[in-house]
J.: 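The following block contains the structure, expressed as structure tokens.
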Amino acid sequence: MIYTDTRDSKVQADFRTAVMSGMNAETGGLYIPVAFPKLEPSFINKNPEPSFRDIAFTMAKPYVEGEIPDDDLMEIIQDAYPFTPKVVPVDNTAYVLELFHGPTCAFKDFGARFMARVMSYFNRSENGTLHILVATSGDTGSAVGSAFHNVPGLDVTILYPEGKISEIQEKQLSTFTGNVRALKVKGTFDDCQKLVKTAFTDEELRKEFRLSSANSINISRLLPQSFYYMYSSLVVKNRAPLDSKIEKPSIITIVPSGNFGNLTSGLIAKEMGAPIRGFVAATNTNRTIPDWIATGDYTARASVETYANAMDVGAPSNYERIKAMYTLEQVRSMFASYWLDNDGIKDAINSCNTRTGYVIDPHGAIGWKAWDDIRGGAMEALVNGQKNDFTKPGLTPNAPEWANEIVQKNAVGIILETAHPAKFGSIVKDSIGREPAIPQRLQDVMALPDRAVPIENNYELFKDWLKANLSK
């Protein structure tokens, strides 16, 4: 497979180059495959559907062909995924895709564990340490730290915004030892991301250290996240007719989105043949992408702190990939977009629990409310000519090509639950009156000592710290 660049389509790179460099240092662009291979219909139409690991192997194989032999690829996948996603029906036309069954209780485990093992595989033939720099708005850093901890030849530096993530999230970031450490930056996630991106384009730094990324700017984070879109859509395709009594329901995937890497992974799955009819880009007050879909103007902005902090991103990196893959009109044909403010998030957590008994986290709650509004009349109102105000919470004024399938009651939704609700226990408690049960693996980390290093939002200070602390 050949990979090209979002900023220069003449660039050609192999998978190893795309993974190990993270982004193109010369252009600042992100790597994307030049083509998306289709899975065989016989594979997609199996009933019962293939296992998650079989889907992961079959989807990954064409992207690594000629670089990772089949036996090694299967070993990587088996080692990466001792857990699987779970599809949970909450009513007859809504399914929650639980992505929190990995070691750090967040969807980032799916991408980070695959990426760590691929990087370790490629790094065997390299001299010296590969340094991973990663900015996080909450869950990415802990998933990356867990995935890379004690992996030979790899070293991880995590940047997170001080005071802007939950207590459990910070504990998961700040307690690593050995080859993983965390820097708490006096700023926002966007500031952290800018520091990392600047480091990647710093020629002096790159001459001194081998650098790569573990954010969703790295293609080896995006590709494995596409596995659970394929898996969940095949599960729902097979069972939805029994649950909903709709013979061939359209499957709509509702994606809580911040940096929009997760949604981009869904697009990859759809391109490969996943039976997904469309997407809902669901976010918080950081509504850069919904505004772009509504107006056609992309305006990056400073991020705003919300209860759904993993989506507190004002300048989403993967906008570049979406824009490189599709025209705005194609995006509008596939996407509905939706956003909620903090009050709406708490109301959505309560609504989901009251209506279904399910305890959902703040990110998944936005997805729940988006789907409930869309199927409950909001999309029909758009189709009938209602002009929604995109500056106010709710469904923004774009009716995708699948809108009439909602009106005709011929659709089901898969809502991505991207993190365990216990990671946001105080918000959940404020919303439903009780705290969610805390998994043992989260209880264990709360007893560990904090080791995070405070740092100012200043690139030269960050660069000096890296030069003083990273091994060559």
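Keep in mind it's a predicted model, so treat the numbers as computed, not measured.
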J.: Can you tell if the side chain of I251 reaches within under 4.5 Å of the side chain of V412, non-hydrogen atoms only?
T.: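 Touching, per the 4.5 Å side-chain cut-off.
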J.: Are any side-chain N or O atoms of E417 and backbone N or O atoms of D361, one a donor and one an acceptor, separated by less than 3.5 Å?
T.: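 Judged by distance alone, yes, a pair lies under 3.5 Å.
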J.: Quick check: closest heavy atoms across P50 and I55, and the distance to 0.1 Å?
T.: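 The pair with the smallest heavy-atom distance is O-CD1, 3.7 Å.
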J.: Using 4.0 Å as the upper bound for N to carboxylate O, is an ion pair formed by D291 and R301?
T.: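 Here R301 pairs with D291 in a salt bridge, since their nearest N and O are under 4.0 Å apart.
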J.: Rounded to the nearest 0.5 Å, what separation is found between the OG atom of S174 and the CG atom of L448?
T.: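 Going from the OG atom of S174 to the CG atom of L448 covers 8.5 Å.
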J.: Do T27 and D5 have side-chain N/O donor and acceptor atoms under 3.5 Å apart?
T.: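 Per modelled atom types, T27 and D5 side chains form a pair under 3.5 Å.
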J.: Please round to the nearest 0.5 Å and tell me the distance separating atom CZ of F279 and atom OG of S257.
T.: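 Rounded to the nearest 0.5 Å, the CZ-OG separation comes to 10.0 Å.
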J.: Taking the side chain as everything from C-beta on, heavy atoms only, tell me whether R441 gets closer than 4.5 Å to C105.
T.: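 Contact flag for R441/C105 side chains = yes.
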J.: Show the nearest heavy-atom pair for residues A35 and Y63, with the distance to one decimal.
T.: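 Shortest heavy-atom contact: O-CE2, 4.2 Å.
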J.: Checking the side chain of K171 only, and the main-chain atoms of S166 only, is there a donor and an acceptor separated by less than 3.5 Å?
T.: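 No; zero donor-acceptor contacts below 3.5 Å.
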J.: What heavy-atom pair brings F227 and A56 nearest, and what distance separates the two atoms?
T.: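 Shortest heavy-atom contact: CD1-CB, 3.4 Å.
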J.: Sort out for me which residue in V236, I44, D54, L234 forms a side-chain contact (heavy atoms from CB on, under 4.5 Å) with E49.
T.: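 Single side-chain contact (heavy atoms from CB on, under 4.5 Å) partner of E49 among V236, I44, D54, L234: L234.
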J.: With the threshold set at 4.0 Å, does a side-chain nitrogen-carboxylate oxygen contact exist between D91 and R355?
T.: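 No salt bridge links D91 with R355.
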J.: I need the D450 CG to L173 CG distance, nearest 0.5 Å.
T.: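 Nearest 0.5 Å value for the CG-CG distance: 10.5 Å.
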J.: Provide the closest heavy-atom pair for L99 versus P85 in the form atom of the first, atom of the second, distance.
T.: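 For L99 and P85, the tightest heavy-atom pair comes out as CD2-CB, 3.8 Å.
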J.: Between S265 and N262, do the side chains contain a donor N or O and an acceptor N or O under 3.5 Å apart?
T.: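 Side-chain D/A pair, N262 to S265: absent.
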J.: Strictly distance-based, threshold 3.5 Å: is any side-chain N or O of K86 a donor or acceptor partner for the main-chain N or O of L97?
T.: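 Not a single qualifying donor-acceptor pair exists.
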J.: Is there side-chain contact between N218 and S212, with at least one heavy-atom pair below 4.5 Å?
T.: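 N218 reaches S212 side chain to side chain.
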J.: Quick one: does N350's side chain have a donor or acceptor within less than 3.5 Å of a partner on S431's backbone?
T.: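 Yes, N350 side chain to S431 backbone: donor-acceptor pair under 3.5 Å.
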J.: How about N384 and Q386: does a side-chain donor come under 3.5 Å of a side-chain acceptor?
T.: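 No pair is found: no donor N or O on one side chain lies under 3.5 Å from an acceptor on the other.
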J.: G29 and M23: which non-hydrogen atoms are nearest, and at how many Å?
T.: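 Looks like O-CB, 3.4 Å.
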J.: Hey, is D190 close enough to K194 for a salt bridge, meaning N to O under 4.0 Å?
T.: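 Looking at K194 together with D190, the answer is no, because their closest N to O distance does not fall below 4.0 Å.
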J.: Ignoring hydrogens and geometry beyond distance, is a side-chain donor-acceptor pair present between D444 and Q440 at under 3.5 Å?
T.: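 Present: a donor and an acceptor within the cut-off.
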J.: Sort out for me which residue in T283, D312, D341 forms a side chain to side chain donor-acceptor pair (under 3.5 Å) with T306.
T.: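 Exactly one candidate clears the test, D312.
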J.: Charged N to carboxylate O below 4.0 Å: is that the case for R113 and D109?
T.: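 Looking at D109 together with R113, the answer is no, because their closest N to O distance does not fall below 4.0 Å.
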J.: Measure from the ring center of F110 to the ring center of Y228 and say whether it is less than 6.0 Å.
T.: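 Yes, the ring of F110 comes within the 6.0 Å limit of the ring of Y228, centre to centre.
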J.: Rounded to the nearest 0.5 Å, what separation is found between the CZ atom of F83 and the CD atom of E98?
T.: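 Separation between the atoms: 13.5 Å.
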J.: For E329, is there an ion pair with R332 - N to carboxylate O distance below 4.0 angstrom?
T.: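 Looking at R332 and E329, the cut-off is met.
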J.: Working to the nearest 0.5 Å, report the span between CG of D347 and SG of C352.
T.: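 So the gap between those two atoms works out to 13.0 Å.
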J.: Would you say P37 and M272 make side-chain contact, with heavy atoms under 4.5 Å?
T.: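 P37 vs M272: side chains touch.
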J.: Is there a donor-acceptor pair under 3.5 Å between the side chain of D430 and the backbone N or O of K346?
T.: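 The answer is no, because no donor-acceptor pair under 3.5 Å joins these two groups.
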J.: Within the 3.5 Å criterion, strictly below it, is a donor on K108 or T136 matched to an acceptor on the partner's side chain?
T.: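 Short answer, no.
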J.: With a 4.5 Å limit on heavy-atom distance, are the side chains of W339 and I366 in contact?
T.: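 With C-beta onward as the side chain, the pair stays apart.
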